[in-house]
Amino acid sequence: MQIQIYQRAHKQKVPFTPLNKDHVRLYVCGPTVYSTPHIGNARPAVVFDGFVRVLRAFYPKVTYVRNITDVDDKINTKAQQEGVDIDVIAERYTKCYHEDLAALGCLSPDVEPRATEHMPEMIAMISALIERGHAYESENHVCFSVPSFDDYGAVSGRDHNARKAGARVAVETYKQHEEDFVLWKPSTETEPGWDSPWGRGRPGWHIECSAMIEKHLGLPIDIHGGGGDLLFPHHENENAQGCCFREGKEYVKYWMHNGMVNVDDEKMSKSLGNILLVRDLLQKAPGEVVRLALLQTHYRQPLRWHEDTLHSAKQILDRAYRLLEQVDTRDIKEWGWSDVPSEIQAALCDDYNTPLAITHWQALCRALQKKETHTAEEVKALLATHHFLGVGQRPIRSWFRQAEQGKLDVESIEKLLAERDQARQIRDFEAADRIRDQLESQGILIEDSNGKTKWRHQ
RNA sequence: GGCUGGAUGGCAGAGUGGUUAUGCAGCGGCCUGCAAAGCCGUGGACGCCGGUUCGACUCCGGCUCCAGCCUCCA
């Protein structure tokens with residue numbers, strides 16, 4: 001089995017061969033912490049969480065770094081509005097981000113560096129770029145010189161003419177070339193700033209990623225991931241400064257970009273009022289449902305979120321948990337990638353084709369559902385698949401009975417069920433059905449099976 | 001306007017030059033006091049127009065619509 005990754009630059013899938021097979025290094029662009037995470041923020045986190053699980057199955061050591069951008073003018077604006085320090089804003093939304101991703105079953109990255117904690121590294125990298133003739137100081141700014149890098153445009157597939165035709169913003173006076181981008185910019189007294197050889201200021205957008213990659217992973221790295229909206233200019237610029245810092249050598253071997261999330265075929269935007277916050281979705285469904293909904297679309301495709309999205313994912317997981325209720329997992333202590341059915345392995349390796357993997361997983365569930373007893377191999381196959389998809393991790397009882405959802409307490413429910421049982425015994429089905437309807441109106445569903453009555457939350 | 005990507009049945013969504021994707025929803029059946037769950041079966045699709053081909057949803061071209069980006073905005 002060989003992992004394949006789609007490379008936009010080559011417009012095809014290519015085999016993944018790490019720079020060092022003993023240590024795979026991966027960096028993913030994390031959030032700018034100025035607002036509550038929405039489903040678009042969650043998608044790359046879930047996708048790369050899952051993909052890293054697969055990488056770990058193949059390589060002895062994988063280091064996954066995902067940053068927190070806590071220097072940004074949006075944070076500054078928010079802090080000013082509230083009259084607080086930028087740390088307050090950054091801390092608040094970093095906490096939100098962590099909470100929401102944990103609910104989605106995302107494991108923590110190995111390192112989660114913050115821009116504010118890497119000013120010396122950024123300043124050192126900018127200085128090196130100036131020394132090597134790829135950046136210049138001008139009007140208290142430091143700019144990267146795009147003409148100094150021949151391969152500019154290769155990452156996003158935009159040649160000079162394409163970029164020039166698209167440009168529509170007036171060129172600032174401090175730039176030597178219209179495409180040059182800012183590495184360091186001056187701060188006013190009221191803006192957050194750090195001392196530097198070029199005066200008190202703050203970094204431009206792109207430099208933090210390169211500096212933090214160099215520090216925590218060492219350049220070059222195997223995989224750099226992020227949302228498709230970051231392809232240009234962010235990743236193009238990162239690549240330019242990163243390659244030039246390395247004096248022309250490679251910066252990133254494989255780029256991976258996830259598609260955007262659209263709501264009812266429209267982009268999420270504040271003006272449309274259709275921003276789907278992760279925490280709002282978590283009010284409607286367990287985190288694994290949201291996770292599965294995100295993985296049901298291939299990571300590179302745009303994801304169409306709509307009314308039935310959660311319902312559909314919930315049905316699949318309900319089924320999976322019903323199966324888990326029947327499967328005896330007590331004696332199964334260890335399982336791993338080799339226990340994952342080969343067709344699911346193949347799908348996950350084929351440019352992380354989760355929708356196909358999920359289809360095969362459903363087939364596996366159905367096959368096991370039909371059997372009275374299960375072999376150790378079958379149970380391992382199920383548990384291993386669940387781990388790599390990041391589903392089926394909840395205790396079964398809590399899946400079907402969620403305390404926070406209950407309008408009725410357990411005692412009342414069981415009292416009503418006892419009454420219903422009595423009614424059924426004397427064949428007073430009208431009374432029995434009345435109780436069932438009453439429970440259903442409270443979100444309690446019941447199932448009579450094998451002479452017993454089970455109940456669960458909707 | 002430019003660049004990039006997308007368009008598959010009611011909905012979501014893989015894949016393929018000729019043969020059932022799959023799930024949700026629907027319909028029929030088994031089971032059940034009735035349901036639910038489970039099982040069995042079933043209808044339904046490849047944006048539009050051309051071209052290549054014995055044959056295209058799949059390859060090529062044009063068009064339409066949608067999305068992302070177009071430099072200090074993540």
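Numbers restart at 1 for each chain; the letters A, B, ... are given by sequence-line order, proteins then strands. Note: hydrogens, waters and symmetry copies are ignored here, and every other heavy atom, side chains too, is used.
Between the side chain of A/Arg114 and the backbone N or O of A/Ile68, no donor-acceptor pair lies under 3.5 Å.
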Which side-chain N or O atoms in residues 6-15 of chain A pair as donor and acceptor under 3.5 Å with protein atoms at least two apart or in another chain?
unit_1	atom_1	unit_2	atom_2	d
A/Lys13	NZ	A/Asp350	OD1	3.0
A/Lys13	NZ	A/Asp350	OD2	3.4

What pairs of donor and acceptor atoms, side-chain ones from residues 181-191 of chain A against any protein atom, are under 3.5 angstrom apart with sequence neighbours left out?
unit_1	atom_1	unit_2	atom_2	d
A/Trp184	NE1	A/Ser196	OG	3.2
A/Ser187	OG	A/Pro192	O	2.7
A/Ser187	OG	A/Arg202	NH1	3.2
A/Thr188	OG1	A/Thr190	OG1	3.3
A/Thr188	OG1	A/Glu191	N	3.4
A/Thr188	OG1	A/Glu191	OE1	3.4
A/Glu191	OE1	A/Thr188	N	2.9
A/Glu191	OE1	A/Arg202	NH1	3.1

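When the side-chain nitrogen and oxygen atoms of A/Asn353 are compared with OP1 and OP2 of B/G15, one or more of them lie within a distance under 4.0 Å. The phosphate of B/G33 has neither OP1 nor OP2 within less than 4.0 Å of any side-chain N or O from A/Arg424. For the OP1/OP2 pair of B/C39 and a distance below 4.0 Å, the side-chain nitrogens and oxygens of A/Arg319 include at least one atom meeting the criterion.
Between the side chain of A/Asp448 and the base of B/C34 there is at least one donor-acceptor pair of N/O atoms closer than 3.5 Å.
Residue A/His234 is classed as having no contact, given no heavy-atom separation below 4.0 Å to the nucleic acid. If you check every strand for non-hydrogen atoms under 4.0 Å, A/Lys454 touches nothing. Counting non-hydrogen atoms under 4.0 angstrom, A/Pro355 reaches the backbone sugars and phosphates but no base. Among the atoms of the strands shown, none is found under 4.0 Å from any heavy atom of A/Leu231. In this structure, A/Phe232 reaches the sugar-phosphate backbone alone: every heavy-atom distance under 4.0 Å involves primed, P, OP1 or OP2 atoms, never a base.
Residues satisfying the side-chain hydrogen bond (donor to acceptor under 3.5 Å, both in side chains) criterion with A/Asn237, sequence neighbours excluded, are A/Tyr152, A/His206. Under the side-chain hydrogen bond (donor to acceptor under 3.5 Å, both in side chains) criterion, A/His235 pairs with A/His224, A/His257, sequence neighbours left out. Among residues two or more places apart in sequence or in another chain, the salt bridge (Lys or Arg N to Asp or Glu O under 4.0 Å) test is passed with A/Glu325 by A/Lys454. For A/Trp205, the side chain to side chain contact (heavy atoms under 4.5 Å, CB included) partners two or more places apart in sequence, or in a different chain, are A/Leu230, A/Pro233, A/His234.
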*5'-to-3' dot-bracket of RNA chain B (Watson-Crick, G-U; under 3.5 angstrom; crossing pairs as [ ]; | other strand)*: (((((((..(((.....[...))).(((((.......)))))....(((((..]....))))))))))))....
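When distances are taken from the side chain of A/Leu356 to each of B/A21, B/G23, B/A37, the shortest belongs to B/A21. Of the candidate nucleotides B/A37, B/A21, B/G6, B/A37 has the atom nearest to the side chain of A/Glu447. Closest to the side chain of A/Lys11, from the set B/U4, B/C70, B/G6, is B/U4. Checked against B/U4, B/G33, B/G38, the side chain of A/Arg436 finds its nearest nucleotide in B/G33. Side-chain proximity of A/Gln301 to the nucleotides B/C69, B/G33, B/G6 is greatest for B/G6. Distances were taken from every side-chain heavy atom of A/Tyr174 (C-beta onward) to each of B/C72, B/C70, B/A67; the shortest belongs to B/C72.
Ion pair A/Lys95/A/Glu99 flagged as a salt bridge, since at least one NZ, NE, NH1 or NH2 atom sits closer than 4.0 Å to an Asp/Glu carboxylate oxygen.
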Find every protein N or O atom lying less than 3.5 Å from an N or O atom of nucleotides 40-47 of chain B, and list the pairs.
unit_1	atom_1	unit_2	atom_2	d
B/C40	OP1	A/Lys370	NZ	2.4

Enumerate the protein-to-nucleotides 57-63 of chain B contacts in which both atoms are nitrogen or oxygen and the separation is below 3.5 Å.
none

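Of the residues in residues 188-209 of chain A, those placing a heavy atom less than 4.0 Å from an atom of RNA chain B are A/Trp205, in numerical order. Residues from residues 304-315 of chain A placing a heavy atom under 4.0 Å of any atom in RNA chain B, listed by number, are A/Arg304, A/His306, A/His311, A/Ser312, A/Gln315. For RNA chain B, none of the residues of residues 135-145 of chain A falls under the heavy-atom distance limit of 4.0 Å.
Side-chain contact, A/Tyr34 with A/Thr77: no donor N or O sits under 3.5 Å from an acceptor N or O.
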